[in-house]
Colleague: 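Pasting a structure here, questions to come.
All values below were derived from every heavy atom in this structure, side-chain atoms included, with hydrogens, water molecules and symmetry-related copies excluded.
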Amino acid sequence: MNIFLKTEDEIELMRQANLLVGRTLGELAKHIKPGVSTLQLDKVANEFICDNGAVPTFKGFPNPFGPPFPASICTSVNDVVVHGIPDAATVLKDGDIISIDCGVLLNGFNGDSCYTFCVGEVAPEVRQLLKVTKESLYLGIEAAMAGRHVGDIGCAIQDYCQSFGYGIVRELTGHGIGREMHEDPKIPNYGGRGRGIMLKSGMCIAIEPMVTMGNRAIGIMPDKWTIKTLDGRPAAHFEHTIAIRKGKADILSSFEEVERLEGKLY
């Protein structure tokens with residue numbers, strides 16, 4: 001396992017990449033409404049990222065099981081947990097939810113963040129799933145500080161989400177991040193306190209709870225990317241990239257633009 005600790009200068013470069021991801025999610029928020037296809041959203045994201053001098057990291061991302069990812073963002077609707085491929089046929093409708101995962105490469109460093117959006121009027125029980133998943137992300141971040149362990153993050157997320165009867169996807173995890181999109185260590189959304197590797201100041205990680213309304217079992221579709229819940233119930237996904245500190249973690253990505261727009265758009 002190779003874990004690369006970042007310098008303060010490198011963390012600031014990572015912050016710039018991650019803030020661009022946040023602005024991209026904010027730009028996408030303006031377009032998320034019934035009647036819009038996921039392919040249209042991908043075009044918006046690709047143009048915004050490139051216009052800001054960055055590269056969409058997901059485009060062409062290799063897949064050991066099949067073809068590389070063909071788009072700039074992952075658009076995962078309703079029962080799609082992660083890695084949904086944008087296309088013209090998937091058109092958002094009132095009551096949907098969509099998780100948009102976005103990554104950029106800027107000045108040699110990666111940014112990575114995900115937000116689950118409501119489309120129009122969403123059922124209260126689905127809104128609660130989103131609320132709890134988002135809250136669990138921040139509980140995981142609170143547990144992420146130098147001297148603690150990877151298991152402390154997963155335990156905080158797991159305990160909270162399971163107290164609502166939700167499932168925690170185990171086959172997919174968060175990850176280290178830096179010059180590469182996926183670096184060591186893996187950051188599971190489950191675990192035991194005090195277990196796993198110790199967190200050190202300068203580590204940069206992406207924490208990303210993937211939470212299901214029903215059973216946690218998942219399956220991969222024939223495209224070898226799209227991952228869905230087996231019971232067909234909705235899933236939510238939120239992600240921040242953070243830098244580990246001796247005290248409170250430093251959140252490098254941002255939901256500020258999305259949250260500012262949410263009240264106006266929904």
Side-chain angles (χ1 to χ4, degrees), residues 2-4 6-32 36-76 82-88 90 98-115 117 172-184 186-187 203-208 223-227 237-243 250-258:
N2 295 312
I3 298 174
F4 301 102
K6 277 67 177 181
T7 66
E8 288 302 319
D9 287 344
E10 289 173 331
I11 288 172
E12 289 310 308
L13 288 172
M14 289 194 62
R15 191 187 312 279
Q16 293 308 308
N18 279 282
L19 290 177
L20 176 55
V21 174
R23 297 204 310 276
T24 305
L25 292 173
E27 183 65 23
L28 288 166
K30 301 172 186 176
H31 298 267
I32 293 172
V36 173
S37 74
T38 54
L39 183 60
Q40 288 174 279
L41 295 176
D42 184 65
K43 290 178 179 177
V44 169
N46 185 74
E47 182 176 349
F48 189 85
I49 291 167
C50 293
D51 284 352
N52 281 276
V55 175
T57 322
F58 294 175
K59 202 167 196 176
F61 200 85
N63 181 353
F65 308 108
F69 196 76
S72 297
I73 54 174
C74 299
T75 52
S76 304
V82 289
H83 303 161
I85 299 174
D87 61 17
T90 305
I98 177 170
S99 300
I100 298 184
D101 197 353
C102 179
V104 308
L105 180 67
L106 179 67
N107 297 322
F109 286 89
N110 284 278
D112 189 13
S113 184
C114 181
Y115 199 92
F117 299 84
L172 304 161
T173 69
H175 51 89
I177 183 170
R179 292 189 180 275
E180 299 295 329
M181 173 61 71
H182 293 152
E183 297 182 354
D184 290 330
K186 291 183 177 180
I187 310 295
M203 288 174 61
C204 290
I205 60 175
I207 300 175
E208 47 181 320
D223 63 24
K224 301 301 181 182
W225 276 108
T226 306
I227 295 177
H237 179 199
F238 288 86
E239 176 183 18
H240 268 317
T241 293
I242 69 169
D250 185 359
I251 302 176
L252 304 179
S253 48
S254 174
F255 293 155
E256 183 176 346
E257 183 69 12
V258 172

Colleague: Could you tell me whether Glu12 atom CD has more than 12 heavy atoms of other residues or ligands within 6.0 Å of it?
Modeller: yes
Colleague: Please name the pair of heavy atoms, one in Val258 and one in Gly26, separated by the smallest distance, quoted to 0.1 Å.
Modeller: CG2-N, 3.7 Å
Colleague: Check for me whether the distance between the ring centres of Phe48 and His31 falls short of 6.0 Å.
Modeller: no
Colleague: What heavy-atom pair brings Asn110 and Ala17 nearest, and what distance separates the two atoms?
Modeller: C-CB, 3.9 Å
Colleague: Identify the two heavy atoms, one from Phe58 and one from Gly103, that lie closest to each other, and give their separation to 0.1 Å.
Modeller: CZ-N, 3.4 Å
Colleague: From Leu19 CG over to Gln16 CD, what is the distance, rounded to the nearest 0.5 angstrom?
Modeller: 5.5 Å
Colleague: Can you confirm whether His83 sits close enough to Asp223 that some side-chain heavy atom of one is under 4.5 Å from a side-chain heavy atom of the other?
Modeller: no
Colleague: Got a second to check how far Phe109's CZ is from Met181's CE, nearest 0.5 Å?
Modeller: 13.0 Å
Colleague: Under 3.5 Å, is there a donor-acceptor pair between the side chain of Asn18 and the main chain of Met14?
Modeller: yes
Colleague: Mind checking the OG-OH spacing from Ser99 to Tyr115? Nearest 0.5 Å is all I need.
Modeller: 11.0 Å
Colleague: For a 4.5 angstrom cut-off between non-hydrogen side-chain atoms, does Thr24 reach Asn52?
Modeller: no
Colleague: Work out which heavy atom in Leu25 is nearest to a heavy atom in Cys102; give both atom names and the distance.
Modeller: CD2-CB, 4.2 Å
Colleague: Could you tell me the separation between the CZ atom of Arg179 and the CG atom of Asn107, rounded to the nearest 0.5 Å?
Modeller: 10.5 Å
Colleague: Checking Ser113 side chain against Glu239 main chain: does a donor-acceptor pair fall under 3.5 Å?
Modeller: yes
Colleague: Any non-hydrogen side-chain atom of Asp112 less than 4.5 Å from a side-chain atom of Asp101?
Modeller: yes
Colleague: Before you tell me yes or no, could you show the steps for Leu252 and Arg15 under side chain to side chain contact (heavy atoms under 4.5 Å, CB included), namely the whole-Å CA-CA distance, both residues' side-chain angles and the distance that decides it to 0.1 Å?
Modeller: CA-CA 5 Å; Leu252 304 179; Arg15 191 187 312 279; 3.6 Å; yes
Colleague: State whether the side chain of Ser72 and the backbone N or O of Lys59 hold a donor-acceptor pair below 3.5 Å, judged by distance alone.
Modeller: no
Colleague: What is the distance from atom CZ of Arg23 to atom CD1 of Ile49, rounded to the nearest 0.5 Å?
Modeller: 11.0 Å
Colleague: So Ile98 and Leu41, do their side chains get closer than 4.5 Å, heavy atoms only?
Modeller: yes
Colleague: Compare every heavy atom of Ser76 with every heavy atom of Gly84, then report the nearest pair and how far apart it is.
Modeller: N-OG, 3.1 Å
Colleague: Less than 4.5 Å apart, side chain to side chain, heavy atoms only: is that true for Glu208 and Val82?
Modeller: no
Colleague: Return yes if some donor-acceptor pair links the side-chain N/O of Asp87 with the main-chain N/O of Leu39 below 3.5 Å, else return no.
Modeller: no
Colleague: Ignoring hydrogens and geometry, is there a side-chain-to-backbone donor-acceptor pair from Thr241 to Ala206 under 3.5 Å?
Modeller: no
Colleague: Report yes if the side chains of Ile73 and Leu28 come closer than 4.5 Å at any heavy-atom pair, otherwise no.
Modeller: yes
Colleague: Less than 4.5 Å apart, side chain to side chain, heavy atoms only: is that true for Thr75 and Pro86?
Modeller: yes
Colleague: Is there a donor-acceptor pair under 3.5 Å between the side chain of Asp184 and the backbone N or O of Asn2?
Modeller: yes
Colleague: Would you give the length of the straight line joining atom CZ of Phe69 to atom CG of Asn63, rounded to the nearest 0.5 angstrom?
Modeller: 10.0 Å
